[in-house]
Each structure stands twice: as C-alpha cells, then as structure tokens.
Amino acid sequence: MNLNLTDTIKMPDHQLRRQVVDLCRRVGKPLLKLSTKDYVDNGLGHLVKQFDGQAGLVNIEVFNELQHTITGWPGGKPNVDDSTRPERATPYPKRIIVFSPHPDDDVISMGGTIRRLMQQKHDVHIAYETSGNIAVGDEEVRRFMHFTNGFNKIFAEGKDQIITESYHSVKAFLNQKKEGDMDTDKILRMKSLIRRGEARLACEYNGIQSDHIHFLELPFYESGRIEKLPMTEQDVIPVQKLLAEIQPHQIYVAADLADPHGTHRKCTDAVLAAIDEEKKAGAQWLHDCRVWMYRGAWAEWDVADIEMCVPMSPEEVREKRNAILRHQSQMESAPFMGDDERLFWQRAEDRNRNTAKRYDDLGLACYEAMEAFVEYKI
C-alpha cells in the first residue's frame, strides 16, 4: 500500500492560463484589456500567433476558462446544461464526505461551501480525521473541570466520586506540569472531548445532523506530542470503511500541505490511499465520484490552478466566521498558531477576500470572498 500519495499529486496543466494571468499581474491590466504589444513586450508573442494573431482571442479564451470555474452550485446545479460547469448536474442530491484533518479545518477552509451544499439539500457528511487534542491548551481543561465540578455540587450535592476524584487529580497534575511534559491519557481524552464538542456545535450551526458527523481519530496522531507516529494501514482502514459505507459522489480533502506539523499531509495520504484500495477492490461507486482538494488554513490555491471557485456574500462570510468561532479552544489560546499572528478566522477571511480580489483584478465578477478548489483525478 502506497502511503505517500501526496508526493505524486499533479497540479492541473493550465499553461495558457498561467502565462496570461502572470502577464496581467506584470502589466497591471485585467484580462480583456491585454494588447498584442503587452504580449510581445513580455516575450509571449507566440501565444498571439497561436490565435490567428489576435490578442483578443487569447484574452477571451482565458477569460472564459476562468469564468467557468465560478459556481454558486458546488454540488452541481440540477436540470441545467453542465458542459461548462465545474461540477456535473447529476446525480442530485449528492452524497458528500468532507474530510477534515483537525476538528476545525472544514469550516476554516470551506465553511461557506459546506453551508451552500447544505442549503442546496445535498447529503453532507463531515469526517474529522484526528482528535486534535494536543492543540487544546491546559486552561481549557481547567475551565471544563471547574464547570463539571460545579455541576456535580449543584445537581448531585457533590456525591459523584468519579467527578470529584478526577477534578482533584487533574488539577494537581496541571499545577505541577512543566513545559514539555506529556499530558496523561485522561487529560488527552478530555482535550479530545473538548474538540469533539466544538466540532458538533459548528456542524449544528451549519445544519449537519449528528449521525453525519464522524470522528475517525486516526492512530498516527495519538502520540501525545507534536511529533506524530508513522502512518500505517491502520490509519487507512477507518477511512476506507467510511467511504465504502457512504459511497460518496463528492469527496473533499485538505491539500494544505504547508501545515508545519505534517498532519494535513498524512490525513490526505490516508484518504487517497483508501480511495486506491477501493479502486483495487473494484468499487463501482468510484466511477461516479469526484475528489476536490481545498486549502485555506495555511495557504491558498493560485488562480492559475483553481478549477472550482465558490463565491460568498458579506453575510455568508459572517456565517462562515460564526462557525469557526464555535471552535473556542482554537482562538487566542490555541498552542499551535504558527508564525502567523492572525487568528484562524482572520486568516480564512483574508485569504478568501484575496482570492476574490484576484478574480476582480482579472476583470471577472467582483465578490466579497471566494473559496477555491482543485480536482484530484482518481
């Protein structure tokens, strides 16, 4: 079983688009205003020659190509001609799995798209691949333990011995814990519960039912440290089992490989390996399935690579932010924010607005923000 498939991901070969978009940036013009002189002066005169010597034909070709990446129907629009749309019209509604490496990557990277898919009545499942427990600060554990202890005193007159003992043992451990010390198994499980609760709140806000939320807790992550365990077939099995059960028409996976701790890469490898195993087993559902790769938490797709772009209004941006804010433990107190001082909701909004601005700069429709995707060819 190949467990390093992200090393072989091929980016789309949009050479004409890439060259023309880069030319727009250099000369500071939108697509439809590029002249033959612009092409010739920047060493791209050969492109104009390929289009009967007319710069306007090159411009229109790339403009239409980019225009067709924009869709308000990420699951496909039913009962319409889908020949120029990024997603097919049928089947409708679609069964969809969104794989999220941590319990917040889904809403950070494609929260607007998830809400759109739900509004358009698709059958959306969210699969959280890791517990995300090491990214929960100790103060969050203290807060929940104080609540649990207080709940016990108010409603059980302090008689629940398990709660009382746990409260004191956790409090004692955290009081003497030093930087670099590993958490106990009990505390790690508590941190996992905190992240599960936040993920459920965000899903509930987006209208996703509890039986459509899946916590896979892949074993490679459960080292209790920043350094993770090697990925094995045991990380692929639960992903493959879920795929075989749901048999989705759409799969969304993280391709945010800039994640400094490598969790995103391993999680995406697990999904791609599971798809490969299903393919080897002759799974028929794969013939009617597309895989879309998203980014957003740590980086964003270049416009030249984007194959589907979902626009958002100012209200939809705010709704996406509200879902991200459900992950309270990952706000100011999150241990692993990286070198970027912005909070995750701020990063997401800045990247989504920047994608919209780049489309606007090229002379396409001007939106408040956009979430971008690239198709992974199965």
Taking [X] first and then [Y], would you say they form a salt bridge - that is, a charged N and a carboxylate O separated by under 4.0 Å?
X: K191; Y: D183; answer: yes
X: R95; Y: E245; answer: no
X: D138; Y: R142; answer: no
X: R189; Y: D185; answer: yes
X: E204; Y: R326; answer: no
X: K77; Y: E87; answer: no

Side-chain donor or acceptor of [X] paired with backbone N/O of [Y] under 3.5 Å:
X: D82; Y: A89; value: yes
X: D52; Y: Q54; value: no
X: R347; Y: A299; value: no
X: K121; Y: M118; value: no
X: Q240; Y: I275; value: no
X: R290; Y: Q250; value: no
X: E307; Y: E375; value: yes
X: T268; Y: A254; value: yes
X: S109; Y: D106; value: no
X: D41; Y: D38; value: no

Show your working on salt bridge (Lys or Arg N to Asp or Glu O under 4.0 Å) between E217 and R196 and close with a plain yes or no. CA-CA 11 Å; E217 297 202 351; R196 279 194 180 207; 3.3 Å; yes

What about [X] and [Y], are their ring centers closer than 6.0 Å?
X: Y252; Y: F373; answer: yes
X: H264; Y: H102; answer: yes
X: F344; Y: H327; answer: no

Does the pair V310 and I70 meet the rule for a side chain to side chain contact (heavy atoms under 4.5 Å, CB included), with working shown? CA-CA 6 Å; V310 181; I70 302 172; over 6 Å; no

Heavy-atom closest pair, residues [X] and [Y]:
X: P30; Y: C24; result: C-SG, 4.0 Å
X: V317; Y: A369; result: CG2-CB, 3.7 Å
X: G72; Y: R116; result: O-NH1, 2.9 Å
X: V107; Y: A323; result: CG1-CB, 3.8 Å
X: Y294; Y: F99; result: OH-O, 2.6 Å
X: P219; Y: L229; result: O-CD1, 3.7 Å

Please determine whether side-chain hydrogen bond (donor to acceptor under 3.5 Å, both in side chains) holds for the pair Q328 and E198, giving the CA-CA distance in whole Å, both sets of side-chain angles, and the decisive distance to 0.1 Å. CA-CA 7 Å; Q328 189 173 349; E198 293 171 342; over 6 Å; no

When V291 is tested against each of I97, I251, V271 for side-chain contact (heavy atoms from CB on, under 4.5 Å), which residue passes? I251

Which of these, H14, Q15, K10, sits in a side-chain contact (heavy atoms from CB on, under 4.5 Å) with P12? H14

Test item: [X] and [Y] side chains (from C-beta on) under 4.5 Å apart, heavy atoms:
X: V48; Y: V40; answer: no
X: Y367; Y: M312; answer: no
X: I108; Y: K320; answer: no
X: M190; Y: V136; answer: no
X: Y128; Y: P101; answer: no
X: E222; Y: S131; answer: yes

When rounded to the nearest 0.5 angstrom, what is the spacing between [atom1] in [X] and [atom2] in [Y]?
X: R143; Y: H146; atom1: CZ; atom2: NE2; value: 10.5 Å
X: E179; Y: K177; atom1: CD; atom2: NZ; value: 10.0 Å
X: Q234; Y: F220; atom1: CD; atom2: CZ; value: 14.0 Å

Give a yes or no on whether L193 and F151 share a hydrophobic cluster (residues Ile, Leu, Val, Met, Phe, Trp, Tyr; joining criterion: side-chain heavy atoms under 4.5 Å apart). no

Is W301 reachable from L66 through a run of I, L, V, M, F, W or Y residues, each pair having side-chain heavy atoms under 4.5 Å apart? yes

May I ask you to check whether over 12 heavy atoms, not counting those of [X], lie within 6.0 Å of atom [atom1]?
X: N79; atom1: CG; value: no
X: K280; atom1: NZ; value: yes
X: Q346; atom1: CD; value: yes
X: K33; atom1: NZ; value: no

Check step by step if salt bridge (Lys or Arg N to Asp or Glu O under 4.0 Å) holds for D269 and R265. CA-CA 6 Å; D269 276 330; R265 181 180 293 274; 5.7 Å; no

Regarding K228 and the six-membered ring of Y221, is the cationic atom NZ or CZ under 6.0 Å from the ring centre and inside 45° of its axis? yes

Ring of Y205, cation from R115 - is the NZ or CZ under 6.0 Å from the centre and inside 45° of the axis? yes

Intermediate values then yes/no, side-chain hydrogen bond (donor to acceptor under 3.5 Å, both in side chains), D160 and Y167: CA-CA 11 Å; D160 192 319; Y167 173 75; over 6 Å; no

Tell me, with the steps shown, if D123 and K94 meet salt bridge (Lys or Arg N to Asp or Glu O under 4.0 Å). CA-CA 6 Å; D123 185 24; K94 290 181 174 65; over 6 Å; no

For a side-chain hydrogen bond (donor to acceptor under 3.5 Å, both in side chains) check, start with the C-alpha distance between E319 and N206, then their side-chain angles and the critical distance, and finish with the verdict. CA-CA 9 Å; E319 289 167 349; N206 285 328; over 6 Å; no

Result for side chain to side chain donor-acceptor pair (under 3.5 Å) between D305 and one of R295, R17, R18 points to R18

Criterion salt bridge (Lys or Arg N to Asp or Glu O under 4.0 Å) on E157 and K159, from CA distance to verdict: CA-CA 5 Å; E157 298 179 351; K159 294 177 181 177; 3.3 Å; yes

Could you give me the CA-CA distance, side-chain angles and deciding distance for S100 and D105, then say whether side-chain hydrogen bond (donor to acceptor under 3.5 Å, both in side chains) is met? CA-CA 5 Å; S100 179; D105 288 311; 4.5 Å; no

Sequence neighbours excluded, the answer for side chain to side chain donor-acceptor pair (under 3.5 Å) partners of Y359 is T69

